[in-house]
There are 2 protein chains.
Amino acid sequence: MSQRKASGDSGRATIRDVAQRAGVSVASVSRVLSGNYPVSDELRRRVMKVVRDLDYVTNAHARSLAGGGTPTVAILINNITGAAFTHVAKGVESAASLRGWLTLVGTTGDDPERELALVNLMRQQGVAAVILLGGAYDYDEYQLRMARFARSLDAADSHLVLVGRPPLEGEVPATTVDYDNEGGAYAMASHLLSAGHRRVLVLPGHAELTTAQGRLKGAQRAFEAYGVPLDPGMVRHGPYDYEHGYDAVEESLRQGAAFTAVLAGTDVVAAGAAQALRAAGLRVPEDVSVVGYDDIPLASQLTPQLTTVHVPYEEMGRAALRAVADRRESGRRRVGDADHLVLGTHVVVRQSVRPPSQ
Amino acid sequence: MSQRKASGDSGRATIRDVAQRAGVSVASVSRVLSGNYPVSDELRRRVMKVVRDLDYVTNAHARSLAGGGTPTVAILINNITGAAFTHVAKGVESAASLRGWLTLVGTTGDDPERELALVNLMRQQGVAAVILLGGAYDYDEYQLRMARFARSLDAADSHLVLVGRPPLEGEVPATTVDYDNEGGAYAMASHLLSAGHRRVLVLPGHAELTTAQGRLKGAQRAFEAYGVPLDPGMVRHGPYDYEHGYDAVEESLRQGAAFTAVLAGTDVVAAGAAQALRAAGLRVPEDVSVVGYDDIPLASQLTPQLTTVHVPYEEMGRAALRAVADRRESGRRRVGDADHLVLGTHVVVRQSVRPPSQ
DNA sequence: TTGAAAGCGATACCAT
DNA sequence: ATGGTATCGCTTTCAA
């Protein structure tokens, strides 16, 4: 019944099927296909004909077991739906495919268990690198956890790459591709301050998220630089989503908070904030200015177009992959050897900021 | 120098390393790890200890060569940045990970060459299925091309799944997960017509794209049903992006076209259209109504919130994976056996439609 | 319950 | 330029 290997009938054709049918050795078929070895035209013709007839493709698993194999990188995201992450992923994928590499994607849903499981799964796959995207929750064990990931991957000839979060402390075999998060926030807040705003509602994000921490710190530094006190009551933490932006503004308004501008942690939060302002009969930017962070497409599609901080997400993705590829080519480097890359950010001035009216 | 296998030092630890160090056979280690075989507690303890010490994970390539292995599905997208696709991908990924499956992602950039290369690459990987996302360009060879993909994959014990596009003609071993594209457009157009709109600017998308064709056809049917002639000059084709929406409206206005509503092919196009209307001093929806299609988050984040057609993208992704998984479990089915699934769509009424003012 | 050994499909070294 | 074959790491009979 289940006569396996009856005649290359069921399942995929193997290199042996091709060899047999072409009347040559498997070694020859392998040579023709990899193309990195001198082969007679006659042989090549014979083999390729059969390859086409059988619609043969080599078994990637066997190949990578035997030596060769397509390098693969894994990218782990919290939520594939986030526009910012999506652009990093695009950068990684495009740079990978440019080199003929494959990209695996896994989503963690902010679940440490799942993150661990995925890192191990990727290790099993023998990926060239695991790229972790997005800000991290800075809980106690975080550093240890990441250090463990890094060492595990390193021991398996793989590599850990952190994108969009601060580098790890100590001598850990990991690469970080980050952006000037705090600097961007500093510039954005300064933009608001120099326009004359003094009372601004700040929505940095979750207090434990590294990106939110950086953005808040940048804003605080700007306020200090301008000698303007930043009322702690004007800082509201919450998730990076539309609802949070909306709710935070609505609530502040209800509590009678007086502010002439909103400094949001992301463009999506800014969108929610703007909507809440409008719902309260306030005009943006005539009555209240609103700024975001990230510069995702949404920012320029809103009305008014959002003034925000541009983060080179796609470029970060490309940089991450380049770092991995370089490291492969030039043999592994020593720990701590230029493992940290920081890309610049800058304010994109659009239409959502005006000097305070009164 | 390059003494390989000196002592399981360099590279990943193998099952042999574990066996040796635990003083048992590789077979036993394999049994302990796969857990699908009776094993003494003592043995298990010994093996697991070493596994932890060595931080060992099995080599997925070797495993899948030998028989077992993690099922993997590939999802091929034109542009990973599109919000709609992203949600399908999320559905696929979540359903996959629920079963312990892996997800590979590749982007084609609308390039047939690359699409072919990717399908073959995925075939090499021995994926359980290749999921093609998004509308297709209905050029001549399309059907033949897809049929070839389908047969190739089928012959390799894999499977082709088409998501968001019409099913293939004839007896082709492929599964289609689609949504009622035309029906949604019909309902959306009817909504506009029943509100009293008679002159509406239609921006269905690229004329060759199957989704655009369906959306246009649905709209046309609605106009017919209402006995309202749809001026061909009021239909403008173009890409599914913000710029197209903006430009199309701007140009129509410049040419003096008179319309009281815009029926856009996607939410993003609608966003562009709305922006252009505002730029021209027209209010939405007081002066001109605007509707979209897809119901991506953007739709409810715009001002005014967009009335649009909801498409269950994430659910489609889940359905696609379920179809593949079912097919695996229950052995392959015969060609043409309930290979076509169509999910419903419906209008989501929000704030961007008003009866025409005059 | 445990071990030995035969593949799985491809690569690359060693002969010819 | 070609062919034979050991090998990659693991799973799975087949014996013990």
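- Between A/Arg63 and the phosphate of C/dT11, there is a side-chain N or O to OP1/OP2 separation shorter than 4.0 Å.
- Of the candidate nucleotides D/dA1, C/dC8, D/dT11, D/dA1 has the atom nearest to the side chain of A/Pro38.
- A donor atom on one side chain and an acceptor atom on the other are found under 3.5 Å apart for B/Thr58 and B/Arg63.
- Salt-bridge annotation for B/Asp53 and B/Lys49: present, with a side-chain N of the basic residue lying under 4.0 Å from a carboxylate O of the acidic one.
- Legend: residues meeting salt bridge (Lys or Arg N to Asp or Glu O under 4.0 Å) with A/Arg46, ordered by chain and number and at least two apart, are A/Glu42.
- In this structure, B/Asp17 places its CG atom 8 Å from P of D/dG9, rounding to the nearest Å.
- Separating the CD atom of A/Gln20 from the P atom of C/dA10 is a distance of 13 Å, rounded to the nearest angstrom.
- Between A/Arg16 atom CZ and C/dC8 atom P the separation is 7 Å, expressed in whole Å.
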What pairs of nitrogen or oxygen atoms, one from the protein and one from nucleotides 3-7 of chain C, lie under 3.5 Å apart?
from: C/dG3; atom 1: OP2; to: B/Ser25; atom 2: N; distance (Å): 3.2
from: C/dG3; atom 1: OP2; to: B/Ser25; atom 2: OG; distance (Å): 3.1
from: C/dG3; atom 1: OP2; to: B/Ser28; atom 2: OG; distance (Å): 2.4
from: C/dG3; atom 1: N7; to: B/Arg31; atom 2: NH1; distance (Å): 3.1
from: C/dG3; atom 1: O6; to: B/Arg31; atom 2: NH2; distance (Å): 2.5

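- Against DNA chain D, the stretch residues 50-59 of chain A makes no heavy-atom approach under 4.0 Å.
- For A/Asn36 and C/dA12, the CG to C1' distance is 10 Å, given to the nearest whole Å.
- Axis orientation changes by 40° from one end of the helix from C/dT1-D/dA16 to C/dT16-D/dA1 to the other, with each end axis drawn from 5 pairs and the value rounded to 10°.
- Screening residues 64-73 of chain B for salt bridge (charged side-chain N to carboxylate O under 4.0 Å, His left out) gives no qualifying pairs among residues at least two apart or on separate chains.
- Straight-line distance from the CD atom of A/Glu42 to the P atom of D/dT2: 9 Å, rounded to whole Å.
- Under the rule for a side-chain hydrogen bond (donor to acceptor under 3.5 Å, both in side chains), B/Ser94 has no partner lying at least two apart in sequence or in another chain.
- With rounding to whole Å, A/Leu65 atom CG is found 9 Å from C/dA10 atom C1'.
- With sequence neighbours excluded, the residues satisfying side-chain contact (heavy atoms from CB on, under 4.5 Å) with A/Ala150 are A/Leu160, A/Val172, A/Pro173, A/Ala174.
- Annotation: ring-ring contact (aromatic ring centres under 6.0 Å, His included) contacts involving residues 102-134 of chain B, sequence neighbours excluded, are absent.
- The CG atom of B/Asp41 sits 10 Å away from the P atom of C/dT1 (whole-angstrom rounding).
- For the pair B/Ser30 and D/dT11, the criterion of a side-chain N or O lying under 4.0 Å from OP1 or OP2 is met.
- Between the CD1 atom of A/Ile15 and the P atom of D/dT7 there is a distance of 19 Å, given to the nearest Å.
- Residues forming a side-chain contact (heavy atoms from CB on, under 4.5 Å) with A/Ala66 (at least two apart in sequence, or on another chain): none.
- Listed by first then second residue, pairs satisfying ring-ring contact (aromatic ring centres under 6.0 Å, His included) with a partner in residues 48-74 of chain A read A/His61-B/His61, not counting sequence neighbours.
- A/Asn120 pairs by the side-chain hydrogen bond (donor to acceptor under 3.5 Å, both in side chains) definition with A/Arg123, not counting sequence neighbours.
- Partners of B/Asp111 according to the salt bridge (Lys or Arg N to Asp or Glu O under 4.0 Å) rule, which considers only residues two or more places apart in sequence or in another chain, do not exist here.
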